[in-house]
Amino acid sequence: MTSTAAAPPPPRAYRRLSVEERRAQLLVAALGLFAHRAPDEVSLDEVAVAAGVSRPLVYRYFPGGRQQLYEAALGSAADELKLCFTEPPVGPPTERVARVLDRYLRFVDEHDTGFSALLRGGSVVETSRTTSIVDGVRRAAAEAILSHLGRIGSAEERGAGPRSAGTRSASTRSAGPQSAGPRLRMMVRSWIAAVEAASLIWLDEGKQPPAAELRGWLVDHLIALLAATAATDEEAAAVVRDLLALETPDGPAGRLAELVIPVVADAAHLLPQAPAAD
């Protein structure tokens with residue numbers, strides 16, 4: 001009598017991972033642990049278990065131990081975070097920034113404890129190299145935001161190292177987007193610092209308010225900083241004029257204007273009074 005039982009599936013063929021694939025596998029496992037625990041609380045044994053490999057294999061790829069693994073994982077996370085700032089220059093600038101912030105806050109949400117430990121500098125494995133990696137993310141963020149304002153950052157923000165204006169070629173000075181002036185660069189870097197601080201407070205407050213509400217407030221913050229800077233800086237005023245021409249009534253800038261203009265109107269009594277006509 002012929003058996004009707006299904007034949008067992010053939011065993012899965014074992015595939016040896018390449019060096020790059022194995023290294024990526026270990027980094028993914030490490031990031032999964034560093035994302036939710038302070039880096040100094042994660043052991044190599046735990047990374048090995050998470051990756052399904054032996055501890056000696058982890059050491060083979062990262063002979064420097066946890067420190068080397070952490071720096072490599074941090075670099076990988078930094079590359080991922082920099083991608084959050086990549087946004088095509090299409091549509092109203094405030095809507096572009098909103099999409100950037102959506103991706104950024106999603107990253108913060110998914111890497112909560114590790115993100116907090118990293119920015120607070122509370123890890124015993126923090127070094128000048130890890131600090132440099134974090135600063136690289138900040139420079140990338142500044143360069144991206146300035147690009148949406150129609151400007152380019154300094155050589156340091158572009159990661160090219162310090163360079164004086166006199167060393168730039170004539171073609172660089174005469175073509176392409178203008179370099180941002182010091183007040184505009186300071187404003188953008190101040191806003192990025194505020195975004196980092198707000199992200200940490202958001203984690204402390206149990207991720208409240210909802211991410212979408214926090215994102216909207218941060219976009220409003222950027223608009224307000226731009227407007228305040230434009231009041232005393234000609235370059236910022238020119239940037240604001242150019243940006244407003246691209247904004248729409250139902251976008252972030254239009255919504256904020258609708259809310260703020262009635263409030264500002266109540267301050268009319270603070271304006272200098274014109275002298276009475278004789």
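Each of Thr94, Leu149, Val188 was evaluated against Leu226; a single residue qualifies, Leu149, per the side-chain contact (heavy atoms from CB on, under 4.5 Å) test.
One distance of note links CZ of Arg99 with OG1 of Thr86; it measures 13.0 Å at 0.5 Å rounding. Distance check, rounded to the nearest 0.5 Å: CZ of Arg22 to OG of Ser18 gives 9.5 Å. With values rounded to the nearest 0.5 angstrom, Leu101 atom CG is found 14.0 Å from Arg96 atom CZ. For the atom pair CG of Leu74 and CG of Leu31, the computed distance is 8.5 Å after rounding to the nearest 0.5 Å. The distance from the OG atom of Ser179 to the CD atom of Glu235 is 9.0 Å, given to the nearest 0.5 Å.
Among residues two or more places apart in sequence or in another chain, the side chain to side chain contact (heavy atoms under 4.5 Å, CB included) test is passed with Glu258 by none. Arg106 pairs by the side chain to side chain contact (heavy atoms under 4.5 Å, CB included) definition with Asp102, Arg103, Glu110, not counting sequence neighbours. With sequence neighbours excluded, the residues satisfying side chain to side chain contact (heavy atoms under 4.5 Å, CB included) with Ala30 are Phe34, Val47, Leu69, Ala73. Scored by the salt bridge (Lys or Arg N to Asp or Glu O under 4.0 Å) test, Glu95 finds no partners at all (sequence neighbours excluded). Qualifying salt bridge (Lys or Arg N to Asp or Glu O under 4.0 Å) partners for Asp220, counting only residues two or more places apart in sequence or in other chains: Arg255. A search for side chain to side chain contact (heavy atoms under 4.5 Å, CB included) contacts involving Val28 returns nothing, not counting sequence neighbours. With sequence neighbours left out, Asp79 forms a salt bridge (Lys or Arg N to Asp or Glu O under 4.0 Å) with no residue at all. Remark: Arg55 engages Asp45 in a salt bridge (Lys or Arg N to Asp or Glu O under 4.0 Å) (not counting sequence neighbours).
Summarising the geometry of Ser199 relative to Leu105, their closest heavy-atom pair is OG-CD2, 4.2 Å, with the distance given to 0.1 Å. Contact between Glu87 and His148 at its shortest, heavy atoms only, is O-CE1, 3.4 Å. Taking every heavy atom of both residues into account, Ile133 and Ala78 meet most closely at CG2-CB, 3.5 Å. Of all heavy-atom pairs spanning Ala236 and Leu184, the tightest one is CB-CD1, 4.3 Å. Contact between Leu27 and Phe62 at its shortest, heavy atoms only, is CD2-CZ, 3.9 Å. In plain terms, the two heavy atoms of Ala51 and Gln25 that are nearest each other are O-NE2, 3.1 Å.
Put simply, Val97 and Leu83 are part of two different groups of oily side chains (I, L, V, M, F, W, Y) that touch within less than 4.5 Å, one to the next. By the criterion of side-chain heavy atoms lying less than 4.5 angstrom apart, applied directly or through intervening Ile, Leu, Val, Met, Phe, Trp or Tyr residues, Val19 is grouped together with Leu57 in one hydrophobic cluster. Residues Ile145 and Leu246 are members of separate hydrophobic clusters, defined by side-chain heavy-atom contacts under 4.5 angstrom among Ile, Leu, Val, Met, Phe, Trp and Tyr. Side-chain heavy atoms closer than 4.5 Å link hydrophobic residues (I, L, V, M, F, W, Y) into clusters, and following such links, possibly through other members, connects Ile223 to Val264.
The list of ring-ring contact (aromatic ring centres under 6.0 Å, His included) pairs with a residue in residues 228-263, not counting sequence neighbours, is empty. For the ring-ring contact (aromatic ring centres under 6.0 Å, His included) condition, no pair includes a residue of residues 77-100, sequence neighbours left out. Evaluation of the ring-ring contact (aromatic ring centres under 6.0 Å, His included) test over residues 193-220, restricted to residues two or more places apart or in two chains, returns Trp217-His221. Residue pairs meeting the ring-ring contact (aromatic ring centres under 6.0 Å, His included) criterion with at least one partner in residues 93-112, sequence neighbours excluded, are Phe107-His111.
In this structure, the side chain of Arg189 does not engage the main chain of Ala142 through any donor-acceptor pair within 3.5 Å. Although no hydrogens or angles enter the test, the distance criterion places a donor-acceptor pair under 3.5 Å between the side chain of Ser190 and the main chain of Met186. Checked by atom type and distance alone, the side chain of Gln208 never pairs as donor or acceptor with a backbone atom of Glu205 at under 3.5 Å.
Counting heavy atoms from C-beta outward, Ser43 and Arg66 have side chains that stay 4.5 Å or more apart. Between Tyr70 and Asp40, the closest side-chain pair of non-hydrogen atoms is not below 4.5 Å. Val219 places none of its side-chain heavy atoms less than 4.5 Å from the side chain of Leu256.
Atom CD of Glu234 has 12 or fewer neighbouring heavy atoms from other residues, nucleotides or ligands inside a 6.0 Å radius.
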Test log, rule side-chain contact (heavy atoms from CB on, under 4.5 Å), inputs Leu222 and Met187
CA-CA 9 Å; Leu222 177 61; Met187 186 223 76; 3.8 Å; yes

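Under the 3.5 Å distance criterion, with hydrogens and angles disregarded, a donor-acceptor pair is assigned to the side chains of Glu71 and Gln67.
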